[in-house]
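What follows is a set of notes on a single structure, which appears directly below.
One-based numbering along the sequence shown.
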Amino acid sequence: MSRISTQMEDFAMGDVLRTDYQKSVAAYWNAEKDPVNIRLGEVDGLYHHHYGLGEYDPSVLAGPAGTREQRIIEEMHRLETAQAEVLLDHLGDIKPGDRLLDAGSGRGGTSFMANARYGCHVDGVSISEQQVAFAGDQAGKRGVADKVRFHFRNMLDTRLDTGSRRAIWANETTMYVDLFELFAEFSRLLEYGGRYVCITGCSNDVTGMRSKAVSRIDEHYTCNIHPRSEYFKALAANNLVPIQVIDLTPDTIPYWELRAKSSVATGVEDPFLTAYKEGSFHYLLIVADRI
């Protein structure tokens, strides 16, 4: 049975990937080498797996044609890094001795940003062995492997110590799991008064059945987008009390408009823009405290 080495106890693949769906998601991300993630990360060595926030600089579309594409790539990377900064802004009072969890850590970008900002310990978990290996290599190159570690583990069952986390975040990863299971695990991991921050896309309950555009996003990413109400039901069921909810939809639309003009467009840009503009899909920041 396949295993992967981490800085903590190893787990067999069968202990991490428990369903056929989880295996299919892991296979998707193990094979993923999308330029929209790789090329943006090559700008400064900070690799993200999420979208962007803020207005883009229209000057990147002007100027010499020969350098236009690189300007777009650099601007998209600026916007995705700005998104991570917004998430980190809401983690609360984090001290160097605190331990944080990046749930669905991808290639590690936000984990490294959290460590650089707070000097804290961060554990990232992912069901993609390739992502874990990539992020771990980045931690070594950055000289932070003693404080930022990545593990082949399931965020529904991390095997981390109860009450060991001051803060947890999930950045565009909750659409791959059952929210009640996920928030039960987060509630177990957080200390009393600990903070959970989520940025996610969710469908609009008011419109009833999910829109065609939202279904196309699901199909593209092999995910299952949850309705907005499901987040708050699952939080309430697990002693996580929302203290702030921000609709980031207007702030993310410019990123998608710029991405649609780039060479790294993947074909999912139109469904995102349609879903956001018709109101069937929202991009939310949710901040909750453990009580």
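Aromatic rings from Tyr255 and Tyr56 are positioned such that their centres are separated by 6.0 Å or more.
How far CD of Gln131 is from CH2 of Trp29: 6.5 Å, rounded to the nearest 0.5 Å. Atom NE2 of His226 sits about 3.5 Å away from atom CG of Leu179, to the nearest 0.5 Å. A distance of 8.5 Å separates CD1 of Ile72 from NZ of Lys261, quoted to the nearest 0.5 Å. To the nearest 0.5 Å, atoms NE2 (His151) and CD1 (Ile127) are separated by 16.0 Å. In this structure, OH on Tyr196 lies 10.0 Å from CG on Leu101, to the nearest 0.5 angstrom. One distance of note links CG of Leu189 with OG of Ser187; it measures 9.0 Å at 0.5 Å rounding.
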query = Going through the distances and angles, do His77 and Glu80 end up as a side-chain hydrogen bond (donor to acceptor under 3.5 Å, both in side chains)?
reply = CA-CA 5 Å; His77 183 61; Glu80 65 175 3; 2.8 Å; yes
query = Phe281 and Phe272: ring pair (Phe, Tyr, Trp, His ring centres under 6.0 Å), yes or no, with the steps?
reply = CA-CA 8 Å; Phe281 193 50; Phe272 268 94; 5.8 Å; yes
task = Please test Glu32 against Arg107 for salt bridge (charged side-chain N to carboxylate O under 4.0 Å, His left out), starting from the C-alpha separation and ending with a verdict.
result = CA-CA 11 Å; Glu32 182 272 334; Arg107 289 185 170 94; 2.9 Å; yes
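Ring pair Tyr51/Tyr283 is tilted by interplanar angle, where 30° to 60° counts as tilted.
If you run side-chain hydrogen bond (donor to acceptor under 3.5 Å, both in side chains) between Asn171 and each of His48, His49, Gln83, only Gln83 comes through.
Pairs engaging residues 55-73 under the salt bridge (charged side-chain N to carboxylate O under 4.0 Å, His left out) rule: none recorded [sequence neighbours left out].
Annotation: Lys147, atom NZ; neighbour count of heavy atoms from other residues, nucleotides and ligands within 6.0 Å is above 12.
When every heavy atom of Ile225 is checked against every heavy atom of Gly201, the shortest pair comes out as CG2-O, 3.9 Å. Pairing each heavy atom of Cys202 with each of Pro227, the nearest pair is CB-C, 4.3 Å. Among all heavy-atom pairs drawn from Gly193 and Arg166, the shortest one is O-NH1, 3.5 Å. Nearest heavy atom pair, residue Ala103 against residue Phe186, reads CB-CZ, 3.5 Å. Minimum heavy-atom separation, Tyr21 to Cys223: OH-CA, 3.4 Å.
Residues Glu257 and Leu273 have side chains in contact (heavy-atom distance under 4.5 Å, counting atoms from C-beta outward). Two residues are said to be in side-chain contact when any heavy atoms from C-beta on lie closer than 4.5 Å; Leu235 and Pro242 meet this criterion. For the pair Arg165 and Leu190, the minimum side-chain heavy-atom distance is below 4.5 Å. Within the 4.5 Å cutoff, the side chain of Asp123 has no heavy atoms near those of the Phe150 side chain. By the 4.5 Å heavy-atom criterion applied to side chains, Ser211 and Val214 are counted as neighbours. In this structure, Leu79 and Leu53 have side chains that are not in contact, with every pair of non-hydrogen atoms separated by 4.5 Å or more. Side-chain contact between Ile286 and Tyr231 is present, with heavy atoms from C-beta onward closer than 4.5 Å. Proximity of Leu160 to Arg99: side-chain heavy atoms (C-beta onward) are nowhere separated by under 4.5 Å.
Arg216 has no carboxylate O lying under 4.0 Å from a charged side-chain N of Glu219, or vice versa, which leaves the two without a salt bridge. Remark: Asp34 does not engage Arg39 in a salt bridge, criterion side-chain N to carboxylate O under 4.0 Å. Taking a cutoff of 4.0 Å between a charged side-chain nitrogen and a carboxylate oxygen, Glu191 and Arg290 do not qualify as a salt bridge. The pair Arg18-Asp157 meets the salt-bridge criterion, since a charged nitrogen lies less than 4.0 angstrom from a carboxylate oxygen.
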When the side chains of residues 85-94 are checked against the rest of the protein, which donor-acceptor pairs come out under 3.5 Å, sequence neighbours left out?
residue	atom	partner	partner atom	Å
Glu85	OE1	Arg117	NH2	2.5
Asp89	OD1	Arg117	NH1	2.8
Asp89	OD1	Arg117	NH2	3.0
His90	ND1	Val86	O	2.8
Asp93	OD2	Lys95	NZ	2.6

